[in-house]
Amino acid sequence: MHRAVHALLAVGLVLCLAAAPRVASAATLTVLVGDDQAASAEFVQQLRTGQSASGKFELVRIGPGAPAAEPASADTEPAANTGVRTRSLRTASDAGLTVAVGTAAARAALERPGAEPLVLAMLSRLDYETLKAASPAALRRGDRRVGVLLRDPAMADQLALVNAVLPQKRRLGVIATPESEPLVRELQRAAQNANPAWDLQVEIAPDARSLATALRALVPRSDALMVLPDLIGDSQAATLSVLHAGAGAGLPVFGASEGLVRSGGLAAAVSTPGQLAQQARQLGQKVASAGSTGNSNSPLVEAATPATVRINATVARGLGLRPPEERELTERLAAPR
């Protein structure tokens with residue numbers, strides 16, 4: 001019997017050793033980054049910190065206007081200072097997983113050759129829609145699986161936050177641009193599927209001049225306003241216009257960024273770059289597993305998990321509201337629905 005046990009252990013050891021090369025290959029992480037924004041730097045740092053000591057971490061910097069196959073600079077970040085080796089994309093084919101950070105890096109990653117799993121991260125929904133329209137074949141290649149991690153929580157999660165803060169209200173006003181149609185459709189589906197459903201009021205503002213007119217039409221029909229992560233949400237001036245309109249009418253304003261809350265919004269469900277980096281790793285594992293089964297070559301798209309809720313207590317007091325604590329709201333959004 002002892003001999004049989006030893007034989008089984010020996011067989012198991014042989015199988016483990018046979019599988020080892022694939023594990024080692026999967027431990028190689030190549031990160032493409034095309035900007036110097038603080039959020040991207042935090043994202044990359046979290047990825048590097050989370051890399052195992054036995055794995056490889058390689059950073060490729062993409063400069064504005066640089067060819068997709070060549071980084072803008074190959075020696076701007078010495079390995080002695082960062083623990084990261086920056087090298088050409090032409091030698092990246094051995095990477096176990098590639099993560100592209102931001103739109104410029106995503107475009108470069110889609111154009112480069114190679115069959116390793118690819119995660120496009122730190123993209124807005126509209127960034128992704130633009131990429132999908134420009135490079136549909138690159139996103140659906142049969143020899144490479146692609147995952148897309150959006151930087152903002154899903155509209156259903158944003159709506160769940162509004163419901164948790166204003167359970168007795170049902171009219172939500174939104175100012176959108178013509179380019180925001182994918183976000184508006186997603187929000188409309190979430191509003192219809194909510195229980196009870198939300199009465200979504202939408203006004204389109206094609207340009208800055210029409211924003212004031214749209215707000216005047218929207219405010220009387222709304223119990224609260226939401227700033228979408230679109231051209232309005234990305235414009236400080238446009239966001240401030242929505243905040244001023246809400247404050248003047250006594251309406252709370254919700255959004256998807258901490259900056260909006262600091263500027264006078266009531267609440268936002270957000271995911272920090274560090275939290276997004278953890279989710280990107282998990283998505284990479286899913287993409288790699290899906291690639292081995294070969295069931296589909298469609299991109300695997302995930303919205304950011306709303307890891308944190310931010311509340312502006314001063315605004316809440318001014319509106320006569322007593323919302324739940326940030327921690328409680330965060331737990332509610334994290335709970336399965």
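Computation of the quantities below employed the complete heavy-atom set of this structure, encompassing side-chain atoms and omitting hydrogens, waters and symmetry-equivalent molecules.
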Non-hydrogen atoms of Ala39 and Met122 that approach each other most closely: CB-CE, 3.8 Å
Minimal non-hydrogen separation, Trp198 against Val162, with atom names: CH2-CG1, 3.6 Å
Contacts of Glu258 that satisfy salt bridge (charged side-chain N to carboxylate O under 4.0 Å, His left out) - sequence neighbours left out: Arg310
Within one Ile-Leu-Val-Met-Phe-Trp-Tyr cluster: Leu211 and Val219, side-chain cutoff 4.5 Å: yes
Which residues share a side chain to side chain contact (heavy atoms under 4.5 Å, CB included) with Ala217, sequence neighbours left out: Glu203, Arg221
Note, Leu300 side chain near Arg145 side chain (heavy atom, < 4.5 Å): yes
Donor + acceptor pair across side chains of Gln201, Ser222 (<3.5 Å): no
Partner residues of Ser210 under the side chain to side chain contact (heavy atoms under 4.5 Å, CB included) criterion, sequence neighbours left out: Ala205, Pro206, Asp207
Closest contact, heavy atoms only, Gly147 versus Leu283: C-CD2, 4.0 Å
Criterion side-chain contact (heavy atoms from CB on, under 4.5 Å) on Arg151 and Ser124, from CA distance to verdict: CA-CA 6 Å; Arg151 70 187 182 206; Ser124 70; 3.7 Å; yes
Derivation of the salt bridge (Lys or Arg N to Asp or Glu O under 4.0 Å) call for Arg185 and Glu181: CA-CA 6 Å; Arg185 287 199 307 266; Glu181 184 182 356; 3.1 Å; yes
Set of side chain to side chain contact (heavy atoms under 4.5 Å, CB included) partners for Thr49, sequence neighbours left out: Gln45
Side chain Gln279, main chain Ala303, donor-acceptor under 3.5 Å: yes
Cluster check Val165, Val315: I/L/V/M/F/W/Y, side chain < 4.5 angstrom: yes
Non-hydrogen atoms of Val287 and Pro117 that approach each other most closely: CG1-CB, 3.9 Å
Pair Arg48-Leu59, side-chain contact (heavy atoms from CB on, under 4.5 Å): steps then yes or no: CA-CA 9 Å; Arg48 185 166 72 90; Leu59 179 66; over 6 Å; no
Beyond-backbone contact of Lys286 with Glu302, side-chain heavy atoms, under 4.5 angstrom: yes
Flag, side chain of Asp223 to backbone of Arg171, donor-acceptor distance under 3.5 Å: yes
Cluster overlap Ile204 with Leu231, hydrophobic side-chain contacts below 4.5 Å: no
Ion pair Glu129/Lys132, N-O distance below 4.0 Å: yes
Test item: side-chain donor near acceptor, Ser298 and Arg140, under 3.5 Å: yes
Note, Ser263 side chain near Leu243 side chain (heavy atom, < 4.5 Å): yes
Connected via hydrophobic side-chain network under 4.5 Å: Val202 and Ile232: no
Which atom of Ala267 lies closest to which atom of Val261, heavy atoms considered: C-CG2, 3.7 Å
Pairing residues for Arg141 by the side chain to side chain contact (heavy atoms under 4.5 Å, CB included) criterion, not counting sequence neighbours: Asp143, Arg144
Smallest separation among heavy atoms of Gly265 and Asn312, with atom names: O-CB, 3.2 Å
Fellow cluster residues of Val301, listed by chain then number, with links counted only when side-chain atoms sit under 4.5 Å apart: Leu110, Leu118, Leu120, Leu123, Tyr128, Leu131, Leu139, Val146, Val148, Leu150
Donor-acceptor side-chain pairing of Thr330 and Arg327 below 3.5 angstrom: no
Student check: side-chain heavy atoms of Pro324 and Arg332 closer than 4.5 Å: yes
Single-linkage hydrophobic cluster, 4.5 Å side-chain cutoff, Leu172 and Leu225 together: no
Check: Asp127 and Thr130 side chains under 4.5 Å, non-hydrogen atoms: no
Leu228 side chain reached by Val184 side chain, heavy atoms, under 4.5 Å: yes
Thr28 side chain reached by Glu116 side chain, heavy atoms, under 4.5 Å: no
side-chain contact (heavy atoms from CB on, under 4.5 Å) assessment of Leu187 paired with Met226: CA-CA 10 Å; Leu187 184 56; Met226 177 179 284; 4.2 Å; yes
Polar side-chain atom of Arg170 near backbone of Pro196 as donor-acceptor pair, under 3.5 Å: yes
Donor-acceptor pair, side chain of Ser235 and main chain of Ala238, under 3.5 angstrom: yes
Donor-acceptor pair between Ser40 and Gln37 side chains, under 3.5 angstrom: no
Close side-chain approach of Arg125 to Asp152, heavy-atom, < 4.5 Å: no
side-chain contact (heavy atoms from CB on, under 4.5 Å) evaluation trace for Thr308 with Glu326: CA-CA 8 Å; Thr308 305; Glu326 289 181 346; 5.8 Å; no
